[in-house]
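First comes the structure, then the notes that go with it.
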Amino acid sequence: ETAQLQQSFDARIDAGDFIEAKDWMPEHYRKTLVRQISQHAHSEIVGMLPEGNWISRAPTLKRKAILLAKVQDEAGHGLYLYAAAETLGTSRDEMLDALHTGRAKYSSIFNYPTLSWADVGTIGWLVDGAAIMNQVPLCRCSYAPYARAMIRICREESFHQRQGFESLLTMMTHGTDAQRAMVQDAVNRWWWPSIMMFGPPDDQSPNSAQSMRWGIKRISNDELRQKFIDATVEQAKVLGVTLPDPELKWNEARGHHDFGAIDWGEFKRVLSGDGPCNRERLAARVQAWDDGAWVREAAMAHASKHTGASP
Ligand code: FAQ
């Protein structure tokens, strides 16, 4: 009977059908999705920290309101994604426990510090820009609850990317020399980590082949990285910033930009917990969880009073 279920699942995947939560699915497909969606959710929640650092120090009321809205959107994305992952039968408590005990990953990018106000604009431009490039194909992911969550997330990410670009453009066109230098310094620090966000090269990506076969991933890590670089080079020209890669140049024959070697040693160090802010980020999440214990208890007590069930 399992062989038959497997066969009809494979046929649906091959036909480009979507899989719903109640449908039969292979255990490995379920596990892969819980891994990817929960890591994506954790990235959104941890991703609130670097920018959140600047809410109290935004230069104007307008920028503060925009940043508050953006960070709040990220909390929302985390919630849609945890809800999508829960449909696969793993509880939010289990997923958060995996994050807090270091068993689950979150995006490498959020282990870098935000040293100046220009980092906020640069995160919007490069980090949200990379996120959109990676996430638009996820709107067609074979697992329907994830695909549906991604549609709204991508719309909001697009606003995030534009506010970042606009903030940098303002500093570059109307700012002082010091402000322009601050933007360039931020771009120098965020460029390489941003292109690492797409994950290891295809030939060193253990999950890619199976995830592509299942229609979870539609475009490979390297292909997305190349698309992002090609799009960003043009935007950098408009901004008037230099991307910190002397080997970056248009290759007419390939129809793409060539770029220099990525420091995969640094990527591995950050993934293994040894990036500039890994300890600080995880400690902040654990502290928030501990500080929220009384809220969870109060919510449970309130709910049980209304349902009549004991807590
Ligand atoms: N960081 O075999 P693959 C955002 C791990 S955007 C950390 O290629 P896969 C928005 C990977 O998990 C950021 N770990 O894996 C925002 C795997 O480890 P595992 C989040 C990474 O899954 C903006 C191992 O390396 N976006 O939050 C990274 O097929 C601004 C081998 O790699 C998503 O999560 C990395 N960069 O492809 C928020 C998008 N790359 O699990 C706030 C959804 C790879 O076996 C402010 N996820 N690894 O232990 C995906 O598209 C995929 O999971 C990839 C990785 C492409 C990230």
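No hydrogens, no waters, no symmetry mates; every other heavy atom, side chains included, goes into these values. Residue numbers run from 1 in the order of the sequence given. Each ligand, and each atom within it, is numbered from 1 in the order the structure gives.
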**Request:** Examine the side chains of Asp222 and Gln226 and answer whether a donor and an acceptor come within less than 3.5 Å of each other.
**Result:**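 No, no side-chain donor-acceptor pair sits under 3.5 Å.
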
Got the closest protein heavy atom to [atom], with its distance?
atom                    : answer
atom 46 (C) of ligand 1 : Glu74 OE2, 3.1 Å
atom 12 (O) of ligand 1 : Gln39 OE1, 2.9 Å
atom 28 (C) of ligand 1 : Phe267 CZ, 3.6 Å
atom 13 (C) of ligand 1 : Ser107 CB, 3.6 Å
atom 4 (C) of ligand 1  : Glu44 OE2, 3.9 Å
atom 11 (C) of ligand 1 : Arg35 NH1, 4.1 Å
atom 23 (C) of ligand 1 : Asp128 OD1, 3.3 Å

Selection from [options] by shortest heavy-atom distance to [atom]:
atom                    : options                       : value
atom 45 (O) of ligand 1 : Leu271, Asn207, Asn134        : Asn207
atom 33 (C) of ligand 1 : His40, Met212, Gln204, Arg103 : His40
atom 50 (C) of ligand 1 : Arg225, His77, Gln36, Lys268  : Gln36

**Asked** Closer than 4.0 angstrom: is that true for some heavy atom of Glu51 and an atom of ligand 1?
**Response**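 In this structure, Glu51 qualifies as a contact of ligand 1 - some heavy atom is under 4.0 Å.
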
**Message:** I'd like to know if Glu157 contacts ligand 1, where contact means a heavy-atom distance under 4.0 Å to any ligand atom.
**Reply:**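 Right, Glu157 reaches ligand 1.
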
Presence of salt bridge, [Y] and [X], under 4.0 angstrom:
X      : Y      : value
Asp14  : Arg213 : yes
Arg162 : Asp128 : no
Lys70  : Asp73  : no
Arg218 : Glu223 : no

Using 30° and 60° as the class boundaries, would you call the ring planes of [X] and [Y] parallel, tilted or perpendicular?
X      : Y      : result
Phe198 : Phe228 : tilted
Trp264 : Phe267 : perpendicular
Trp289 : His100 : tilted

**Prompt:** With side chains defined as the heavy atoms from C-beta onward, is the minimum distance between Phe259 and Glu247 less than 4.5 Å?
**Reply:**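 Of all side-chain heavy-atom pairs linking Glu247 with Phe259, none is under 4.5 Å.
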
**Request:** For the residue pair Arg285 and Leu49, establish whether any side-chain heavy-atom pair is separated by less than 4.5 Å.
**Result:**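 Touching, per the 4.5 Å side-chain cut-off.
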
**Message:** Under 4.0 Å from atom 17 (C) of ligand 1, is there at least one protein heavy atom?
**Reply:**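 Given the 4.0 Å cut-off, atom 17 (C) of ligand 1 counts as touching protein heavy atoms.
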
Pick one of side chain, backbone, both or neither for how [X] approaches ligand 1, counting any non-hydrogen atom pair under 4.0 Å.
X      : result
Tyr106 : backbone
Met48  : neither
Val270 : neither
Phe110 : side chain
Lys105 : side chain
Ile109 : neither
Pro200 : side chain

**Message:** Can you give me the closest heavy-atom contact between Ile109 and Ser194, atom names plus distance?
**Reply:**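 Answer, listing the atom of Ile109 first, then Ser194: CD1-N, 3.7 Å.
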
**Message:** Which heavy atom of Pro276 sits nearest to which heavy atom of Tyr112, and what is that distance?
**Reply:**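 What the structure gives for the nearest pair is CG-CD2, 3.9 Å.
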
**Prompt:** Between Asp274 (side chain) and Arg269 (backbone), is there a donor-acceptor pair under 3.5 Å?
**Reply:**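 No, because the side chain of Asp274 does not come within donor-acceptor range (under 3.5 Å) of the backbone of Arg269.
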
Is the shortest N/O to N/O distance between [X] and ligand 1 below 3.5 Å?
X      : result
Lys217 : yes
Met197 : yes
Tyr146 : no
Ser108 : yes

Just which atoms of ligand 1 are under 4.0 Å from any heavy atom in [X]?
X      : result
Ala131 : 6 (S), 10 (C)
Phe198 : 56 (C)
Met196 : 36 (N)
Gly199 : 40 (N), 44 (C)
Ser205 : 2 (O), 3 (P), 8 (O)

**Prompt:** Measuring from Leu168:CG to Leu239:CG, what's the distance to the nearest 0.5 Å?
**Reply:**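 Reported value, rounded in 0.5 Å steps: 5.5 Å.
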
**Message:** Quick check on Gln72: does its CD atom have over 12 non-hydrogen neighbours (other residues, nucleotides or ligands) under 6.0 Å away?
**Reply:**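 Atom CD in Gln72 is not packed in, count stays at 12 or less.
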
**Asked** So with a 6.0 Å cut-off around CZ of Arg92, is the heavy-atom count from everything else above 12?
**Response**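 It does: Arg92 CZ has more than 12 such atoms within range.
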
**Item:** Qualifying residue, where the test is side-chain contact (heavy atoms from CB on, under 4.5 Å) with Arg152 and the options are Arg155, Arg148, Glu156, Met150
**Value:**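 It is Glu156; the other options fail the test.
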
